[in-house]
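Being a predicted model, the structure only gives us computed values, none of them experimental. All heavy atoms count here, side chains included; hydrogens, waters and symmetry mates do not.
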Amino acid sequence: MDRIDLTELEAGNVTLEELYRTMAKEMGPQPWLKPGTPWAETPVEIMLGAILVQNTNWRNVEPSLIALKAQTGFNPAKLREYTPDTLIPVIRSSGFYQRKSEAILALATWLGEANDDLAALKRRGGASLREELLSITGIGNETADYILMYTLDHGTFMVDTYARRLFGWLGATMPKTYPAFQKKVMGQLAFALADYQEFHALIDEFGKQIKNDTDFAQSFLAGKQLTI
């Protein structure tokens, strides 16, 4: 991908790629689920975290992951020995534990159908993997894409709350549904996996720091208009 001379960017319109490069320059590399960072020791740990963090904050997820690691070592075969009733006490801190226990067990079953061979799963097409993930109890679009991008090496664009809010601040009129929003973005990007991961991390970190219109008006993206 060609480099963009950020000094030549005008205060007005920016493309998606220019937005990414601008954010990367201003915010620096993001330690988002990179090797050696917390809760990124194994792919299965990341998968479980993606389910447990639904409708809660990471502070509530951490005790569940600590307990899961102690009892299963994040081994899918050991997870398959549990039932919802025996798993719920382990993940109770994450809330919505009935639904999340069922999702974790369904994910473990899906992994078992592939002989727990993540290398083989990674070699499969992203579209078919995504369809299968979406068929798993408790896994929706955002969780499926998170798993695809951070454990199965298929780059994509995650349409989370932070992305919707940022695009709104940048004046972009986007479809309301997740698939249509994602399709519109993906039609204009040809990123490598690492760039898709970093773009998602940058958007989410920006969203955690910039919480309202006043914050945005004082940010380095103020005055930008996203052309998409």
Crowded around E131 CD? As in, over 12 foreign heavy atoms under 6.0 Å?
-> no

Got a sec: does the NZ of K176 have more than 12 other heavy atoms crowding it under 6.0 Å?
-> no

Are E18 and K224 close enough for a salt bridge, meaning some N to O gap below 4.0 Å?
-> no

Have Q188 and T15 got a donor and an acceptor in their side chains that come within less than 3.5 Å?
-> no

Could you point out which residue of Y150, Y146, Y162 forms a side chain to side chain donor-acceptor pair (under 3.5 Å) with H200?
-> Y150

Does atom OH of Y97 have more than 12 heavy-atom neighbours from other groups under 6.0 Å away?
-> no

For F216, the ring pair (Phe, Tyr, Trp, His ring centres under 6.0 Å) test, sequence neighbours excluded, returns W169

For a side-chain contact (heavy atoms from CB on, under 4.5 Å) with M47, tell me which candidate from L118, I139, L52 qualifies.
-> L118

Which class fits the ring pair F191 and Y20: parallel under 30°, tilted 30 to 60°, perpendicular over 60°?
-> tilted

Can you name the residues that form a salt bridge (Lys or Arg N to Asp or Glu O under 4.0 Å) with R130, not counting sequence neighbours?
-> D145

Quick one: do M23 and L221 satisfy side-chain contact (heavy atoms from CB on, under 4.5 Å)? Show the steps, please.
-> CA-CA 8 Å; M23 295 179 76; L221 290 178; 4.3 Å; yes

Counterpart residues, salt bridge (Lys or Arg N to Asp or Glu O under 4.0 Å), relative to R92 (two or more places apart) | none

First locate atom CG of L65, then atom NZ of K69, and finally report the distance between them rounded to the nearest 0.5 Å.
-> 10.0 Å

